[in-house]
Amino acid sequence: MSDHCLFCGIVAGTVPSVKVAEDETTYAFMDINPGSDGHILVIPKQHSKDLFEIPAEDLTDVTLAAQRIAKAAVAEFGADGVNLLNCCGADAWQTVFHFHLHVIPRYVDKAKDRLVLPWQPGTPGDMEAIATLGSRLFTAPDGQLSTVLD
């Protein structure tokens, strides 16, 4: 745990939270700045700064916990869908530097759902640029990502 991390303080019980679920490796609690009614954060108990730092085992545990919580939240709150969101880095909107997944129930009723998209899905991109960027990652004949990512 990090002594200066808000989420580590929540796990340690020194910072208050509205706990939703907890197991050996994960902790889930209500977001106090919700994008929609029922917005939940799921974190690993072990401190990892972000997506690049979290061990694979913790990432798996957090993702599976988020899936269980998303199913329960949609059923319990009557949501029409759910978003899972991770922000990695300040320029990607990360504000607390302890890995976390947002579980955001989504509603047709906009009184319950304040989240809006920052881009327009369905607007085609430049296919040449898409292909060029993709080819920079997908280089191996066996379908594996390039070693640059390993």
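These values consider heavy atoms only, across backbone and side chains, with no hydrogens, waters or symmetry-generated copies.
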Exercise for the section: Verify side chain to side chain contact (heavy atoms under 4.5 Å, CB included) between Phe29 and Ile40, making sure each step is shown before the conclusion. Expected result: CA-CA 6 Å; Phe29 55 99; Ile40 301 156; over 6 Å; no

Practice task
Check the hydrophobic clustering (I, L, V, M, F, W, Y; side-chain heavy atoms under 4.5 Å; chains of links allowed) and say if Phe77 and Val74 are grouped together.
Solution key: no

Completion exercise
Output for pair (Ser17 OG, Leu6 CG), nearest 0.5 Å, gives 9.5 Å

Handout entry: Pair Tyr27 and Phe7, ring centroids less than 6.0 Å apart
Key = no

Practice task
For residues Pro44 and Thr25, determine if any side-chain heavy atom of one lies less than 4.5 Å from a side-chain heavy atom of the other.
Solution key: no

Practice task
May I ask you to check whether over 12 heavy atoms, not counting those of Asp126, lie within 6.0 Å of atom CG?
Solution key: yes

Exercise for the section: Would you please test Arg68 and Asp23 for salt bridge (charged side-chain N to carboxylate O under 4.0 Å, His left out) and show each step? Expected result: CA-CA 12 Å; Arg68 289 189 303 273; Asp23 60 28; 3.5 Å; yes

Exercise for the section: Please lay out, stage by stage, how Asp37 and Asp113 fare under the test side chain to side chain contact (heavy atoms under 4.5 Å, CB included). Expected result: CA-CA 6 Å; Asp37 291 2; Asp113 193 329; over 6 Å; no

Problem - Least distance between heavy atoms, Thr132 atom then Ser135 atom - result: O-OG, 2.8 Å

Practice task
Flag yes if Val96 and Leu41 sit in one hydrophobic cluster, no otherwise; membership is Ile, Leu, Val, Met, Phe, Trp, Tyr, and two members link when side-chain heavy atoms are under 4.5 Å apart.
Solution key: yes

Problem - Pairwise distance CD(Gln46) to CZ(Phe99) - rounded to 0.5 angstrom - result: 14.0 Å

Fill in the blank from the handout: When rounded to the nearest 0.5 Å, the distance separating CD1 of Ile104 from CG of Leu85 is 5.0 Å

Problem - Derivation and outcome, side chain to side chain contact (heavy atoms under 4.5 Å, CB included), residues Ser36 and Lys112 - result: CA-CA 6 Å; Ser36 72; Lys112 297 179 178 184; over 6 Å; no

Handout entry: Transitive ILVMFWY side-chain link Leu115 to Ile69, under 4.5 Å
Key = no

Practice task
Can you see which heavy atom on Ala92 is nearest to which on Cys87, and at what distance?
Solution key: O-CB, 3.0 Å

Handout entry: Residues in ring-ring contact (aromatic ring centres under 6.0 Å, His included) contact with Tyr107, at least two apart in sequence or another chain
Key = none

Practice task
Using modelled atom types only, decide if a donor and an acceptor are shared between the side chain of Thr14 and the backbone of Gly9 within a distance under 3.5 Å.
Solution key: yes

Exercise for the section: Write down the atom of Ala66, the atom of Leu84, and the distance for their closest heavy-atom approach. Expected result: CB-CD2, 4.0 Å

Exercise for the section: Any salt bridge (Lys or Arg N to Asp or Glu O under 4.0 Å) involving residues 48-61? Give me the pairs, sequence neighbours left out, ordered by first then second residue. Expected result: none

Problem - In one Ile/Leu/Val/Met/Phe/Trp/Tyr side-chain cluster, 4.5 Å: Ile43, Val15 - result: yes

Practice task
Show your working on salt bridge (charged side-chain N to carboxylate O under 4.0 Å, His left out) between Asp80 and Arg106 and close with a plain yes or no.
Solution key: CA-CA 6 Å; Asp80 302 298; Arg106 303 307 307 272; over 6 Å; no

Practice task
Determine, stepwise, if the pair Thr95 / Phe97 fulfils side chain to side chain contact (heavy atoms under 4.5 Å, CB included).
Solution key: CA-CA 6 Å; Thr95 58; Phe97 291 87; 5.8 Å; no

Problem - Pairwise distance CG(Asn83) to NE2(His39) - rounded to 0.5 angstrom - result: 9.5 Å

Problem - Close aromatic pair by centroid cut-off 6.0 Å: His100 and His102 - result: yes

Problem - Transitive ILVMFWY side-chain link Ile10 to Val20, under 4.5 Å - result: no

Exercise for the section: Apply side-chain hydrogen bond (donor to acceptor under 3.5 Å, both in side chains) to Glu22 and list each qualifying residue two or more places apart in sequence or on a separate chain. Expected result: Lys19, Lys45

Exercise for the section: Indicate yes or no: at least one non-hydrogen side-chain atom of His98 is less than 4.5 angstrom from one of Cys8. Expected result: yes

